[in-house]
Amino acid sequence: MTRSGIIFIIILILNALLAFVYLLWYLIFKKDKDNRKQYVMHTMIMLLCPIVGILYFFFAFLKYHFLKLGERDLTDVEFSKKRQTPRVKADEERERNIVAVEEAILISDQEKKRTNMLNVLLGETEDSYAAIALALDSDDSEVAHYAASFLQSKMDSFRENVRKMQEEIEEGDIEDEECQEQILELINYMNQMLKQKVFTKIEQVEYVTRMELLCDKLFEEARGRMLPVCYESILGRMMELRLYEQAELWGDRFCEQYPDQLSSYTLRLKLYFETNRKDKFFEVLDQLRASSVVVDNKTLELIRMIQR
């Protein structure tokens with residue numbers, strides 16, 4: 001065999017080894033099994049196109065991670081919310097409660113309607129206050145009274161509990177673990193109530209502002225105890241109220257502290273989509289693609305839907 005033939009065979013062997021190393025790296029070491037077909041296809045291209053295939057993917061990797069050639073053309077990107085098709089997994093427990101309330105309101109027999117409404121209110125209702133509020137518009141004044149009394153009682157209890165818990169926190173020392181736990185508990189407690197949006201907008205803004213102060217206290221004095229769920233809670237409530245400037249601040253803090261948390265990217269994507277800031281949206285999208293975060297199917301579907 002000639003020298004050139006030997007070199008050619010060596011190149012083919014090295015090419016095959018690199019191709020299989022690429023495949024094994026992503027499937028075994030990176031454990032990215034969601035894109036298995038993509039990596040197998042890349043490997044086949046490397047095998048069928050020796051050297052050229054490997055160089056192509058190598059330079060594509062360098063360009064994607066280290067180079068940004070030119071400005072992104074966003075003129076044809078449409079952010080119309082009319083094109084959204086929400087695909088949110090149903091909360092079965094919550095849906096059961098909501099259906100029960102709606103059925104209690106729609107029953108024509110007045111006595112049965114009142115009995116069913118009382119049964120609903122006596123059940124597990126912590127996550128169904130918004131649904132119970134539907135009964136306030138019932139044509140039966142007794143049913144509306146049941147719902148109003150129930151909600152007023154729960155809202156008064158919430159106000160009093162928040163007041164007491166805040167007083168305890170103010171008397172404590174933020175450096176103590178017990179005080180930090182109290183803050184985390186209060187943030188979670190407030191979020192569970194505020195996400196149901198049963199307060200007036202003025203009062204909702206007031207309590208979200210209190211939540212922000214608690215989060216800020218943890219962020220400044222005990223940042224290590226500022227958990228992802230705290231960021232998710234404050235960002236969610238702020239975006240509901242369209243407090244976008246504050247939400248952007250907390251979104252940046254979230255990503256800075258937890259760059260490996262998927263929700264730190266998805267919440268900012270949602271924020272910039274709602275505010276129609278295309279440049280920031282694609283900036284976050286590039287950050288997500290360049291990170292080692294594993295993207296779930298729900299997030300991929302959201303991104304595909306927005307980019308259509």
Side-chain angles (χ1 to χ4, degrees), residues 88-102 104-105 117-138 143-172 178-219 225-244 246-247 250-251 254 263 267 270-271:
V88 182
K89 184 178 178 181
D91 186 334
E92 295 180 2
E93 186 64 33
R94 182 173 181 274
E95 291 300 322
R96 281 197 292 269
N97 288 335
I98 291 174
V99 171
V101 174
E102 291 177 343
I105 298 170
M117 190 65 191
L118 285 173
N119 289 336
V120 169
L121 298 181
L122 291 172
E124 295 295 328
T125 56
E126 286 78 4
D127 294 323
S128 301
Y129 296 155
I132 293 171
L134 296 172
L136 296 174
D137 297 325
S138 173
V143 170
H145 174 69
Y146 291 161
S149 299
F150 175 84
L151 287 175
Q152 190 61 51
S153 173
K154 293 297 182 180
M155 291 162 70
D156 288 343
S157 176
F158 171 81
R159 295 182 185 106
E160 181 63 18
N161 288 338
V162 170
R163 184 188 65 78
K164 289 181 178 178
M165 293 173 76
Q166 282 193 312
E167 287 179 354
E168 291 179 4
I169 290 170
E170 289 172 1
E171 292 174 358
E178 182 180 353
C179 182
Q180 296 168 10
E181 287 293 338
Q182 288 176 327
I183 294 176
L184 290 172
E185 182 182 351
L186 181 53
I187 291 172
N188 181 63
Y189 176 69
M190 294 177 73
N191 183 60
Q192 289 299 317
M193 185 69 170
L194 294 175
K195 70 180 181 180
Q196 300 185 65
K197 296 179 282 191
V198 293
F199 292 101
T200 63
K201 184 175 181 180
I202 293 176
E203 197 166 10
Q204 187 84 1
V205 170
E206 177 189 345
Y207 280 111
V208 170
T209 302
R210 292 192 189 185
M211 266 186 69
E212 183 184 18
L213 291 174
L214 291 169
C215 290
D216 199 56
K217 192 178 184 69
L218 269 186
F219 182 82
R225 299 303 304 278
M226 188 69 181
L227 304 177
V229 67
C230 297
Y231 286 107
E232 292 166 4
S233 298
I234 192 62
L235 276 166
R237 305 295 73 76
M238 283 182 166
M239 283 194 284
E240 286 172 354
L241 293 170
R242 299 184 179 182
L243 302 174
Y244 294 129
Q246 296 98 308
W250 285 104
F254 189 9
S263 55
L267 284 170
K270 181 181 177 183
L271 169 64

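These numbers come from a predicted model, not from an experiment.
- With contacts defined as side-chain heavy-atom distances shorter than 4.5 Å, the pair V208/I234 qualifies.
- Note that the CG atom of N188 and the CE atom of M211 stand 9.0 Å from one another [nearest 0.5 Å].
- How far CE of M239 is from CG of L267: 4.5 Å, rounded to the nearest 0.5 Å.
- Relative orientation of the F199 and Y207 rings is tilted, given thresholds of 30° and 60° on the angle between their planes.
- Remark: L241 CG to T209 OG1 distance equals 8.5 Å, nearest 0.5 Å.
- Checking K195, M190, E212 one by one against R237, the side chain to side chain contact (heavy atoms under 4.5 Å, CB included) holds for a single residue, K195.
- Between the side chain of S157 and the main chain of S153, no donor-acceptor pair closer than 3.5 Å is present.
- Pairing each heavy atom of F254 with each of S263, the nearest pair is CZ-OG, 3.3 Å.
- L184 approaches C230 most closely through the heavy-atom pair CD2-SG, 3.4 Å.
- Under the 4.0 Å criterion applied to side-chain N and carboxylate O atoms, E168 and K164 are not assigned as salt-bridge partners.
- Within 6.0 Å of atom CG in L213, more than 12 heavy atoms from other residues, nucleotides or ligands are found, so the atom counts as buried in its surroundings.
- Atom CD of Q196 is separated from atom CG of N191 by 10.0 Å, given to the nearest 0.5 angstrom.
- With sequence neighbours excluded, no residue satisfies side chain to side chain donor-acceptor pair (under 3.5 Å) with E178.
- Across W250 and D216, no two heavy atoms sit closer than the pair CH2-N, 3.5 Å.
- The distance from the CG atom of L227 to the CD atom of Q180 is 10.5 Å, given to the nearest 0.5 Å.
- Counting non-hydrogen atoms of neighbouring residues, nucleotides and ligands closer than 6.0 angstrom, the CZ atom of R242 reaches no more than 12 such neighbours.
- Contact record, L194 with Q204: O-NE2, 2.7 Å, taken as the closest heavy-atom pair.
- Listed here is the closest heavy atom pair of M238 and A247: SD-N, 3.8 Å.
- Atom CD in E240 sits 4.5 Å away from atom NZ in K197 (nearest 0.5 Å).
- You'll find the side chain of L214 reaches within 4.5 Å of the side chain of I169, heavy atoms only.
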